[in-house]
Protein chains: 2
Amino acid sequence: MTSANVDIFKTLDPEHAGTTSEGVVTQLREMIHRGELRPGDRLPPERDLAKLLGVSRPTLRAGIRSLAAVGVLQSRQGAGTFVVKSDGPPSLDSSPLRLMASLHGFTSAEMFEARLSLEMAVAGLAAERATGDQMATMAEEVAGMYASLDDPEQFLVHDVRFHQTVAASSGNRILTALMNMVATILFETRIKTVKRATDLKESAEMHRNIYRAIREHNPEAARDAMYDHLTRAKRAWDLEEPLHAENGSNGNGNSNGDH
Amino acid sequence: MTSANVDIFKTLDPEHAGTTSEGVVTQLREMIHRGELRPGDRLPPERDLAKLLGVSRPTLRAGIRSLAAVGVLQSRQGAGTFVVKSDGPPSLDSSPLRLMASLHGFTSAEMFEARLSLEMAVAGLAAERATGDQMATMAEEVAGMYASLDDPEQFLVHDVRFHQTVAASSGNRILTALMNMVATILFETRIKTVKRATDLKESAEMHRNIYRAIREHNPEAARDAMYDHLTRAKRAWDLEEPLHAENGSNGNGNSNGDH
DNA sequence: GGCCGTGAATGGTCATACCTTGTTTCGGGT
DNA sequence: ACCCGAAACAAGGTATGACCATTCACGGCC
């Protein structure tokens, strides 16, 4: 179903507490809960949907805007409004966390520690559950790192993909999403970091250690290897300054952190 | 500064890519990044702010709505729009995660595992860093549990507070926020669960084990104790059915999960 | 059969008016 | 002089209508 059936949209119940636009959000949210709206579905045009729900277009737009802000809906001018269809693993928008970091003055170190905990957790789970294909992919990425010791940009690609494969191997999409959310923020603050060849070699070896531990189905070793990797990587950067991103990216931050 | 100084708001730069309302979001977000807007600040009235930024009121409202949806701003009719001031620890809105769970069919078991990983992580950190006051608070809550074995509702209060104290003791507000986000969703799906006295007694003992491990500054033991606690608790519930919340709560879900 | 232009569909923005709800203030009563 | 209530004001919420900007599809043209 590319376009949602019109019949499933009912006029808003007035007893829904709160403001009218909140009622719109509630109604659309419940339709998603009930599976009446699925990823990739296209909503009716705003003018029609406003009529169907019995609200004005600005009110409907306010509701759509709220759901778009949390990454559930996506509007494209001239095309329509769609339920977000994630091609890869589900991902959460990282801007709320980034804003919260700014508001409360979180340090990079604190953010890094959160990532460390999450990466260790997924590494442990991956050691228990990784399939042959997934382990093969990890091995390929490690090989790619060794082959890119003189090309930091290419190295970074393999690095990111390795961590994503580990996360996917954990079999827990929620932890994966949370990890990516944190990693994205850290990534943005040091995107310009230049790596030296010696650092890259050590990094590749660390990744290889992680792969081996997962290959041996040894969760403890995998956690330890991930700890070593990230802790050493942290030391290579200057993580002393407070968090202060100044980028202007909007929408879903789907760029993912590396190590 | 209860009310933000008007001078800090500048007309929107037209070169900001994307739509106009996205420009509003970007501008306000950067002002938060730069610390020009702080928690508790009140924004100028919409009509004035729209003039200051050089956009129409509906467009401004769209931007405010986006930031309100992610829990950064809060509008109160008749009062004004404020930068969210969290009294307690910073918290992230759990609705994005809940919506994503609905969209991708996450199971309660998967959500539970994510919580388990997070709780084990914070328990380990708490064992390393908990202060005397924090440990004292934990002990009090454990005592409160034993004193409420015949009052499930009261027991629940101590239970929640114990877990929050552990999280706070970890010293990592990001992990704490993520944990609360996941715990909130699990909490909502089983709010009605009735506990038997025998379960409560076992639960209290499990919490006592966690406390002791933290008291001994033994991260491994703390993680293991938390694992035992949550794993046994999980067994006591029926976590077989898929996730299907049908509540209508909007805004920030700041109710926190227990076990 | 493929390419390009044109137009309908659709979201984005704007202006304006009015309603609902908090907040404040001012006046009368105690 | 203090307290309380009602009225005036302020501020966000909603509705209506119009117009602009972009996308996509259809159909004619080469």
Side-chain angles (χ1 to χ4, degrees), chain A residues 2-4 6 9 11-28 37 40-69 71-85 250-251, chain B residues 2-4 6 9 11-28 40-69 72-85 250-251:
Chain A
T2 286
S3 180
V6 173
F9 296 91
T11 303
L12 214 58
D13 285 343
E15 61 256 38
H16 271 144
T19 63
T20 308
S21 66
E22 281 177 3
V24 173
V25 174
T26 300
Q27 168 120 357
L28 292 177
L37 287 179
D41 277 1
R42 173 184 167 174
L43 269 61
E46 293 184 352
R47 292 162 178 82
D48 299 347
L49 186 50
K51 288 276 190 297
L52 289 171
L53 297 181
V55 300
S56 69
R57 196 176 157 219
T59 303
L60 171 67
R61 279 181 60 76
I64 290 178
R65 186 104 202 158
S66 290
L67 290 172
V72 175
L73 296 181
Q74 183 177 8
S75 293
R76 299 205 315 266
Q77 186 173 178
T81 302
F82 303 83
V83 180
V84 161
K85 171 103 169 179
N250 200 339
Chain B
T2 285
S3 181
V6 172
F9 296 91
T11 303
L12 213 59
D13 286 343
E15 61 255 39
H16 271 143
T19 64
T20 309
S21 67
E22 281 176 3
V24 173
V25 173
T26 299
Q27 167 120 359
L28 292 178
D41 277 0
R42 172 182 168 177
L43 269 60
E46 293 184 351
R47 293 163 177 83
D48 298 348
L49 186 51
K51 289 273 191 297
L52 289 170
L53 297 181
V55 300
S56 70
R57 192 174 160 222
T59 302
L60 171 68
R61 279 181 60 76
I64 290 177
R65 186 101 204 163
S66 291
L67 291 172
V72 176
L73 296 181
Q74 185 177 7
S75 291
R76 297 206 313 268
Q77 187 174 175
T81 302
F82 303 83
V83 180
V84 161
K85 172 105 170 177
N250 200 339

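Keep in mind it's a predicted model, so treat the numbers as computed, not measured. Just so it is clear: chains get the letters A, B, ... in the order the sequence lines come, proteins before strands, and each one is counted from 1.
- A straight line from CD1 of B:Ile64 to C1' of C:dT13 spans 16 Å, rounded to a whole angstrom.
- Atom CD of A:Glu46 is separated from atom C1' of D:dA15 by 15 Å (rounded to the nearest Å).
- Between B:Thr20 and C:dT13 there is a side-chain polar atom (N or O) within less than 4.0 angstrom of OP1 or OP2.
- Not one N or O on the side chain of A:Thr59 forms a donor-acceptor pair closer than 3.5 Å with the backbone of A:Val55.
- Using a 4.0 Å cut-off, some side-chain N or O of B:Arg61 falls inside it from OP1 or OP2 of D:dG13.
- Judged by distance alone, with hydrogens and angles left aside, the side-chain atoms of A:Arg42 form a donor-acceptor pair with the main-chain N or O of A:Ala79 at under 3.5 Å.
- For the OP1/OP2 pair of D:dA15 and a distance below 4.0 Å, the side-chain nitrogens and oxygens of A:Thr59 include at least one atom meeting the criterion.
- For D:dG13, the OP1/OP2 oxygens have no side-chain nitrogen or oxygen of A:Ser21 closer than 4.0 Å.
- For the pair A:Thr81 and A:Ser75, the tightest heavy-atom approach, listed with the atom from each and the gap, is OG1-OG, 3.1 Å.
- Across every non-hydrogen atom of A:Pro44 and A:Leu49, the tightest pair is O-CB, 4.1 Å.
- Between A:Arg65 atom CZ and D:dT14 atom C1' the separation is 18 Å, expressed in whole Å.
- Atom CG of A:Leu49 and atom P of C:dG12 are 13 Å apart (whole Å).
- Counting only heavy atoms from C-beta on, A:Pro58 has its side chain closest to D:dT16 among D:dG12, D:dT16, C:dT13.
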> B:Leu73 and B:Val84: side-chain contact (heavy atoms from CB on, under 4.5 Å), yes or no, with the steps?
Replying inline: CA-CA 5 Å; B:Leu73 296 181; B:Val84 161; 5.8 Å; no
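- Rounded to the nearest 0.5 angstrom, A:Gln74 CD and A:Ile64 CD1 are separated by 13.0 Å.
- The CD-P distance, from A:Gln74 to C:dT10, rounds to 17 Å in whole Å.
- A close approach under 4.0 Å does occur between a side-chain nitrogen or oxygen of A:Thr81 and OP1 or OP2 of C:dG11.
- Residue A:Ser75 places no side-chain N or O under 4.0 Å from the OP1 or OP2 atom of C:dT10.
- Distance, A:Phe82 CZ to D:dT23 P: 12 Å, rounded to whole Å.
- Distance OG/A:Ser21 to CZ/B:Arg65: 3.5 Å, rounded to 0.5 Å.
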> When every nucleotide of nucleotides 17-25 of chain C is labelled 5' to 3' by its protein contacts under 4.0 Å (heavy atoms), B for base, S for sugar-phosphate only, - for none, what sequence of letters results?
Replying inline: BB-BBSS--
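- Separating the CG atom of A:Asp48 from the C1' atom of C:dG11 is a distance of 13 Å, rounded to the nearest angstrom.
- Separating the CD atom of A:Glu22 from the C1' atom of D:dT14 is a distance of 13 Å, rounded to the nearest angstrom.
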